[in-house]
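Residue numbers begin at 1 in each chain, while the letters A, B, ... track the order of the sequences.
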Amino acid sequence: MERGTIPLETCPGGLDLRATLESGQSYRWRREDGLLYEGVPGGWYHTVLDGNLIRVRQTDRALEWESTTDAVPYLRRLLRLDDDLDAIVGTGPDDPLLCEAYAAHRGLRIVNDPVFACLISFICSAQMRVGRIHGMQTTLADRFGASLDVDGRTYHAFPTPDQLASTSVEELRDCSLGYRAPYVKRTAEMVAGGEAHPAEARGLDYETAREFLTRFVGVGNKVADCVLLFSLGYLEAVPLDTWIRSAIEEYYPECDRDSYRETSRAIRERLGGEYAGYAQTYVFHHLRTAGTAEAGE
DNA sequence: CCGTACCCTAGTTT
DNA sequence: AAAACTAGGGTAC
C-alpha cells in the first residue's frame, strides 16, 4: 500500500471530510468504525475505484490517505479539492440562511462521483432516508460488485452496468430496493446495452443535460439534478427535494413557481447562478443537521 | 400538468 | 407487548 498526505492549505477554503462524505451526496464511501451518520470527525473511510482501494481520514492539517495506487489525483477529483470555497461563497447572495449554513459547515465540498454509481444511488434514493440509501448501495456492492482483497480483507467495487443488468429483479428486491428494483434493472440494461450512457450528458447545456438524464427509468428532474451536481460537475444544479422545497416556502417564497423547471430557474438565480448547487448543498446539510448537536467549525 | 400507486423499514402511536 | 400508523431527499403511468 502506498500512503501520503494532502496538506489542507492546498485545498482553497479548507475541507470538512465528514460533512462532505456524510451529507447525502455520495454513497460510495464506507466508514470503518461503522459510525456513519453518527460518528465524530476523524474516522477512516474507504472506497474502491478502478480496481483500487482508497482509504482516507482527516487530521488537523491534512487529508491522510492509504491506497493500492497513488490516490492524490483520485482524491483531488472525487472531493473537488481544487474548488475555491472562499471564492464560491463570495459569489453567493448575502442572506441570513445561506451565511449561517456556510459558516456552520465551511469545508463541505460537492463530490464528483463515478457517474453510473451516482445514477443508481439516486434512483434508489426516492422516498428514502440517507442511512438506508447507504445501506442499499453497500448491499449492492457486496453482492454484485467485483471483490478486491487487500491485506487479508475483502472490499467490493460498485457493480458495473453489466453486473446489475444481469441481476434479477427478485435479487434486487432482496436488497430492500422495493419498487425501485425494476428501475435499477432497466436503467442498468439501457447502459449495458449501449442504448444510452449518463456520461453523454456531459457538455450539454444544463437544462438539456437534465432532460437527457430523465430518459433513464426511475429518473425524474430531481434525480437528474443530483447526478448533474454530484457527478457531472454542473455546480449550478439545484435538486428540488423536500428539504429545499420547504426552505423555498419559508425563506424564498417568491421563487415558488408552478413547475419544477420554473421553480428551479428562480431558486438557481436566487442562490447565485453558477454555484447555486453549492449553496443548495450547504443549506440542505444545515437544515438536516439542525438540532442534532452539531459542533460546527 | 395533475393524481395516485408503488416498496420497505425504523420509529412512534394505539 | 403486538399491531397499526407514519414518513422518508420521487417517479411512472
S.K.: If you apply the rule side chain to side chain donor-acceptor pair (under 3.5 Å), what do you find for A:Asn52 with A:Thr68, and how did you get there?
M.R.: CA-CA 6 Å; A:Asn52 288 299; A:Thr68 51; 2.9 Å; yes
S.K.: On a whole-Å scale, what distance lies between the C1' atoms belonging to B:dC1 and C:dC13?
M.R.: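 About 14 Å, rounded to a whole number of Å.
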S.K.: Heavy-atom count around A:Asp149 CG within 6.0 Å, excluding the residue itself: above 12?
M.R.: yes
S.K.: Side chain to side chain donor-acceptor pair (under 3.5 Å) with A:Asp82: which residues, sequence neighbours excluded?
M.R.: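 Partners of A:Asp82 under the side chain to side chain donor-acceptor pair (under 3.5 Å) test: A:Arg76.
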S.K.: List for me each residue that meets salt bridge (Lys or Arg N to Asp or Glu O under 4.0 Å) alongside A:Asp95, sequence neighbours excluded, and say none if there are none.
M.R.: A:Arg270
S.K.: Find the distance A:Asn221:CG to C:dG10:C1' and express it as a whole number of Å.
M.R.: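 After rounding, the reported distance stands at 11 Å.
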S.K.: Which of parallel (below 30°), tilted (30 to 60°) and perpendicular (above 60°) describes A:His286 and A:His105?
M.R.: perpendicular
S.K.: Let's see if you get this right: which residues in residues 229-256 of chain A place a heavy atom under 4.0 Å from DNA chain C?
M.R.: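 Heavy-atom contacts with DNA chain C come from A:Asp241, A:Thr242, A:Trp243.
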S.K.: I'd like to know if the side chain of A:Ser168 pairs up with that of A:Glu171 as donor and acceptor (distance under 3.5 Å, no hydrogens or angles considered).
M.R.: yes
S.K.: Report the nucleotide, chosen from C:dT11, B:dC7, B:dT9, that has the shortest atom-to-atom distance to any side-chain atom of A:Arg180.
M.R.: B:dC7
S.K.: Taking the side chain as C-beta and beyond, is there a heavy-atom pair between A:Tyr282 and A:Leu108 under 4.5 Å?
M.R.: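 When only atoms from C-beta onward are counted, A:Leu108 and A:Tyr282 do touch, with a gap below 4.5 Å.
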S.K.: Taking atom CD as the centre, does A:Glu274 end up with more than 12 heavy-atom neighbours from other residues, nucleotides or ligands that are less than 6.0 angstrom away?
M.R.: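 Result for CD/A:Glu274: open.
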S.K.: Specify the separation, in whole Å, of atom CE of A:Met128 and atom C1' of B:dC8.
M.R.: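 In whole Å, B:dC8 C1' and A:Met128 CE are 6 Å from each other.
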S.K.: Please enumerate all protein N or O atoms sitting under 3.5 Å from an N or O of nucleotides 2-6 of chain B, with distances to 0.1 Å.
M.R.:
none

S.K.: Specify the separation, in whole Å, of atom CD1 of A:Ile133 and atom P of B:dT9.
M.R.: 15 Å
S.K.: Kindly point out which of C:dG9, C:dG10, C:dG8 is positioned nearest to the side chain of A:Phe284?
M.R.: C:dG9
S.K.: On DNA chain C, compare the nucleotides closest to A:Gln280 and A:Val219; which residue's is nearer the 5' end?
M.R.: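 So the residue in question is A:Gln280.
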S.K.: Taking atom types as modelled and ignoring hydrogens, do the side chains of A:Asp205 and A:Thr208 form a donor-acceptor contact shorter than 3.5 angstrom?
M.R.: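 A:Asp205 vs A:Thr208: donor-acceptor pair found between side chains.
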S.K.: Nearest-Å distance, CZ (A:Arg186) to C1' (C:dC13)?
M.R.: 11 Å
S.K.: What does A:Val217 touch in the nucleic acid at a heavy-atom separation under 4.0 angstrom: a base, only the sugar-phosphate, or nothing?
M.R.: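 Contact class for A:Val217: sugar-phosphate only.
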S.K.: Rounded to whole Å, please give me the gap between CG in A:Asp225 and P in C:dT11.
M.R.: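 A:Asp225 atom CG is separated from C:dT11 atom P by 10 Å.
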S.K.: Might you work through the ring-ring contact (aromatic ring centres under 6.0 Å, His included) test for A:Phe158 and A:Tyr27, ending with a clear yes or no?
M.R.: CA-CA 10 Å; A:Phe158 192 80; A:Tyr27 299 96; over 10 Å; no
S.K.: Residues of residues 23-30 of chain A with any non-hydrogen atom less than 4.0 angstrom from an atom of DNA chain C: list those, numerically ordered, please.
M.R.: A:Ser23, A:Gly24, A:Gln25, A:Tyr27
S.K.: Measure CZ/A:Arg288 against C1'/C:dG8 and give the value in whole Å, please.
M.R.: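 Rounding to the nearest Å, CZ of A:Arg288 and C1' of C:dG8 are 11 Å apart.
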S.K.: Could you tell me which residues satisfy salt bridge (Lys or Arg N to Asp or Glu O under 4.0 Å) with A:Asp225, sequence neighbours excluded, listed by chain and number?
M.R.: A:Arg210
S.K.: Once Watson-Crick and G-U wobble pairs under 3.5 Å are found, how is DNA chain C written in dot-bracket notation, 5' to 3', with | for any base paired to another strand?
M.R.: .|||||||.||||
S.K.: Does A:Ser67 have any side chain to side chain donor-acceptor pair (under 3.5 Å) partners at least two apart in sequence or in another chain, and if so, which?
M.R.: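 With sequence neighbours excluded, A:Ser67 shows a side chain to side chain donor-acceptor pair (under 3.5 Å) to no residue whatsoever.
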S.K.: Checking A:Arg261 now: which residues fulfil salt bridge (Lys or Arg N to Asp or Glu O under 4.0 Å) with it, not counting sequence neighbours?
M.R.: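 Checked A:Arg261 against salt bridge (Lys or Arg N to Asp or Glu O under 4.0 Å); matches are A:Glu207.
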S.K.: If I take atom OH in residue A:Tyr260 and atom C1' in nucleotide C:dG9, what distance separates them, rounded to the nearest angstrom?
M.R.: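 Interatomic distance, OH of A:Tyr260 to C1' of C:dG9: 11 Å.
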S.K.: Is there a residue in residues 114-124 of chain A whose heavy atoms reach under 4.0 Å of DNA chain B, and which residues are they?
M.R.: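 Residues of residues 114-124 of chain A that come under 4.0 Å of DNA chain B do not exist, since none gets that close.
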S.K.: Among residues at least two apart in sequence or on other chains, which ones pass ring pair (Phe, Tyr, Trp, His ring centres under 6.0 Å) with A:Phe216?
M.R.: none
S.K.: Give the intermediate values and the outcome of salt bridge (Lys or Arg N to Asp or Glu O under 4.0 Å) for residues A:Glu32 and A:Arg55.
M.R.: CA-CA 9 Å; A:Glu32 298 182 0; A:Arg55 300 179 71 229; 2.7 Å; yes
S.K.: Can you check the A:Met136 CE to B:dA10 P distance for me, whole Å?
M.R.: 13 Å
S.K.: Checking side-chain polar atoms at under 3.5 Å, does A:Tyr275 have a donor or acceptor matched by the opposite partner on A:Gln280?
M.R.: no
S.K.: B:dC2 and C:dG9: how far apart are their P atoms, nearest whole angstrom?
M.R.: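 Result for the P pair: 24 Å, nearest Å.
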S.K.: Listed by chain and number, what are the salt bridge (Lys or Arg N to Asp or Glu O under 4.0 Å) partners of A:Asp86, not counting sequence neighbours?
M.R.: A:Arg106
S.K.: Hey, is the side chain of A:Ser176 poking within less than 4.0 Å of OP1 or OP2 on B:dC7, counting only N and O atoms?
M.R.: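 So the side-chain polar atoms of A:Ser176 never come under 4.0 Å of the phosphate oxygens OP1 or OP2 of B:dC7.
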